[in-house]
Amino acid sequence: MNSLAHRAATKNARAPAAEVLRAEGLSKAYGAITVLSDVTLDIRAGEIHAIIGENGAGKSTLMKLLSGHVTPTAGDLLMEGQPLAFADSVEAENAGIVLVHQEILLADDLTVAENIFLGRELRRGFMVDDRAMNRRAAELLARIGSVARPRHRVGDLPLAQRQLVQIARALLDERKVVIFDEPTAVLANDEVAALLDIIRGLREHGVAVLYISHRLDEIQTLADRVTVLRDGRMIGTWPAAELNQRQMAELMVGRELDMLYPNKRAATSEEPLLSVTDLEVDQGAQKASFAVRPGEVLGLGGMIGSGRTELIEGLMGLRSSQAASVVVNGREISHRSVASMMEAGLVYLTEDRKGKGLLLDEKLAPNLTLQALEAVNPATILDRRAELAALRKAVADYDIRVRSLTLEAGKLSGGNQQKLLLAKLMMTDPSVVIIDEPTRGIDIGNKSQIYDFIDAMVRAGKACIVISSEMQELVGLADRVLVMRAGRIVAELSGGEINEGNVVYAATSGAHGSTGEDLHDHSGRTRRDS
Amino acid sequence: MTTAAAPVATAEEKRRIRWADLAPFIALGVIVFIGILINSNFASSANLINVITRSAFITIIAVGATFVISSGGLDLSVGSMMAFVTGIMIMTMNGLAPSYGSWAIVMGAGVALVVGGLCGLFNGLIITVGRIEPFIVTLGTMGIFRAFITFMSDGGSLPIDRSLREAYRPVYFGDFLGIPYPVLITLAVVLLGAFLLYRTKYGRRLTSVGSNAEVARFSGVNVSRVRTLAYVIQGLCVGVAAICYVPRLGAATPTTGQLWELQVITAVVIGGTLLRGGRGRIWGSVAGALILEVIANVMVLSDMVSEYLVAAVQGAIIIIAMLAHRFTSSR
Ligand SMILES: Nc1ncnc2c1ncn2[C@@H]1O[C@H](COP(=O)(O)OP(=O)(O)OP(=O)(O)O)[C@@H](O)[C@H]1O
Ligand SMILES: [Mg+2]
């Protein structure tokens, strides 16, 4: 690693292409907590500059400093050689720097076009020019490969489409620096490909792109230079061509990495822990029957929009649905709700951790114990000591990187929020766990930790259903895979049949169910643009 | 598991003072201080006790409103509901007085609590089962309750039976060791409210529902039940307020409790409870109710500003409080 660091220093010394933005000794502390210290970074026109690091390394914080969302405690920003300080993100946007947030920050009740133009509405006289805005929004959306329509209500869109709306908003005006914070975490493969093309297009136009992702393969194909952060410190900047994925991962975590996926298992008993017969979810899934047995990981694959999340939300009683029979732990469940399922031993971890998983404004302990409130507090009165003990245990068991136990959940880094959510679910001591996108936003070191965790749980006689849009993950983790397409389970793969090719084939063959139709299914209504 | 893991500091031991949380109490202190400067009578114990006693009704109802608002709801009907409950209570007492004597008061008080609770349940069920905005529902019931009291009092006054006056009087005018009963009752309601909101599982669920109802739903919380119960608690508080109120004026009229909903919501909001839900401040609501009453008192005592402008000053306070909040809570 030493030699790498050395090479980084010499590379940096080379004459830089036109430098647009420079950070000098940038630091950020929240009270006594220092989250970034002394980061020096130069960003050049026409480059794609990747920032990588573990969960909580400070990547998002650094990006917020560069884009005026947060003010630094120390250090300077220089734009084209001129020192400057942004009072807020609007000033930064006016200077040509825009951040696409890791979290999706849109107004749910406004339309796609209204969101894209929010605060920058086009006018004709005194009137807001809806027609022109819808037209431009449609162009932008088409350019970035989004199937959302300008008049869709944003709240009705799936996560991936909301993310694309956010990107469209960032690309509305001419920019000098565009920052993407984990833009692909919620996107499907073809959407990712479209976005990466856009980003390359920006580079052609001389825009400097900062790019955060935990998908190192993406970084390798996309980035020109890579900067590594660890624990709020800058480890170095390297030309991407000089690093392979393994080296990147090891620079991030500061140690050598072991095997990513645990060995496969086999069910330990034929008696299923969960069996579902003929589940119909309104506007989601049809005639779904499946079962999981103790000791196995069941993968649920398919394209984004194929109805996997809807299927499970229906199963949990979170969407209107009917089923011939649902049996959990040998108990027939007549009235399905999160509470009754939990009592029977089945819990579900949502893919939408900000919207449905965590109370971002509440502290860690209330978040952790919300679902298992009865178990942690047997009496009517809250047992604060038990709650704190549970939190300490969860922080240790799940390796949640947090510097103060009294932080609000929204202030954890994205990956650590995911771990908190997992800890919250496991507080209920379930025997079957359904996890929707288990490692979304989680760094490579922690990924294997989560896989090991699922493995240990299943080996202890529990069962797990994993929904994942990451093919490698599905293939690497599952003992059996069900593939969904347009609301139906269309294939079951096991043993040697489980490979990316087979999953993709089952998920896409038989060309009905384009993404556009899925979108309409999801929102439950069809809108037409005039 | 990484050696580089940041240490988990035990910062929960270090209780940081949050200025934003203290703001309503500081504001109360400042207003009291101004009162003392303006008029020496202000600080007399008689006047202070009077002010605190007068604020009892709003405080009691504001405790209930803190529950409703922190669950993400709103109840505009409290003023009319208060008048309606008062009317029913007086009619019950008057009807029972000939046969039960002073016991009619106890029975009437019981009826007030039951009717208050039922009114709250009615609001709550329409909002949660009917899935209608709380603003609309309680705007409707506000009109309904107001019409009922006007009808019951035939547009005039509905007085309490003479035979009950003497026995009932002390509930408002009496005291225990110098502390008036309404103040003691208020204190009991506040302590109970704070206990329920901060120390029980129900309080935790309520906060979670107000903070993000989807998250609560996905965590197995029965959102409708939690919300409905908040309105029931609000109704019970209105019942308690009615019990304290009747001996003061001895009658219910079509204007009883008029515009109280505004005072109550103002008290709750300047107390630091978020209107969008998720954060309830019971003691803040108490401070808010006191602020409103102290301002009115100071204005009456001083002759600089006409007392007809009390409502204007109170209205300005809520706006100032919100502005102050905006500036202290931005990064
Ligand atoms: N407002 C805040 N107050 C206190 N600590 C904060 C605040 N915001 C962020 N942090 C802390 O700063 C650290 C860095 O967070 P950041 O979001 O930058 O990480 P990240 O590298 O983007 O991680 P991830 O890959 O998980 O998204 C975390 O430990 C986080 O808890
Ligand atoms: Mg981040």
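In what follows, chains carry the letters A, B, and so on, assigned in the order in which the sequence lines appear, proteins first and then strands, with residues in each chain numbered from 1.
Neither the backbone nor the side chain of A:Leu360 comes within less than 4.5 Å of any heavy atom in chain B. Residue B:Tyr202: no heavy atom, backbone or side chain, is found under 4.5 Å from chain A. Looking at A:Ser337, there are no atoms closer than 4.5 Å to chain B (heavy atoms on both sides), in backbone or side chain. When heavy atoms are compared at a cutoff of 4.5 Å, A:Ala372 does not approach chain B at all. With a threshold of 4.5 angstrom between heavy atoms, A:Lys424 approaches chain B through side-chain atoms but not through N, CA, C or O. Only the side chain of A:Thr369 comes within contact range of chain B, with heavy atoms under 4.5 Å apart. In this structure, the portion of A:Glu387 lying under 4.5 Å from any heavy atom of chain B is its side chain and not its backbone.
The minimum heavy-atom distance between B:Ser219 and A:Leu370, with the atom names listed, is OG-CD2, 3.6 Å. Residues B:Thr207 and A:Glu362 come closest through the heavy atom pair CG2-OE2, 3.5 Å. Closest of all the heavy-atom pairs between A:Ala339 and B:Gly220 is CB-O, 3.8 Å.
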Subject >> Test salt bridge (Lys or Arg N to Asp or Glu O under 4.0 Å) applied to A:Glu374 and B:Arg204, step by step >> reply: CA-CA 11 Å; A:Glu374 297 294 338; B:Arg204 179 63 66 71; over 6 Å; no
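Formation of a donor-acceptor pair under 3.5 Å by the B:Lys201 side chain with backbone atoms of A:Leu373 is not found in this model. With hydrogens and angles disregarded, a donor-acceptor distance shorter than 3.5 Å links the side chain of B:Asn212 to the backbone of A:Gly355.
The side-chain heavy atoms of B:Arg199 and A:Arg384, taken from C-beta on, include a pair separated by under 4.5 Å. Contact annotation: the side chain of B:Phe218 never approaches that of A:Gln371 to less than 4.5 Å [non-hydrogen atoms, C-beta and beyond].
Heavy atoms from other residues, nucleotides or ligands lying under 6.0 Å from CD of B:Glu133 number 12 at most.
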Do any side-chain atoms of residues 185-192 of chain B form donor-acceptor pairs under 3.5 angstrom with protein atoms, and if so which ones, sequence neighbours left out?
{"residue": "B:Thr186", "atom": "OG1", "partner": "B:Pro182", "partner atom": "O", "Å": "2.6"}

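Of the residues considered (A:Leu359, A:Ile33, A:Ile381, A:Asp361), A:Leu359 shows the highest number of contacts with chain B, using heavy-atom pairs under 4.5 Å.
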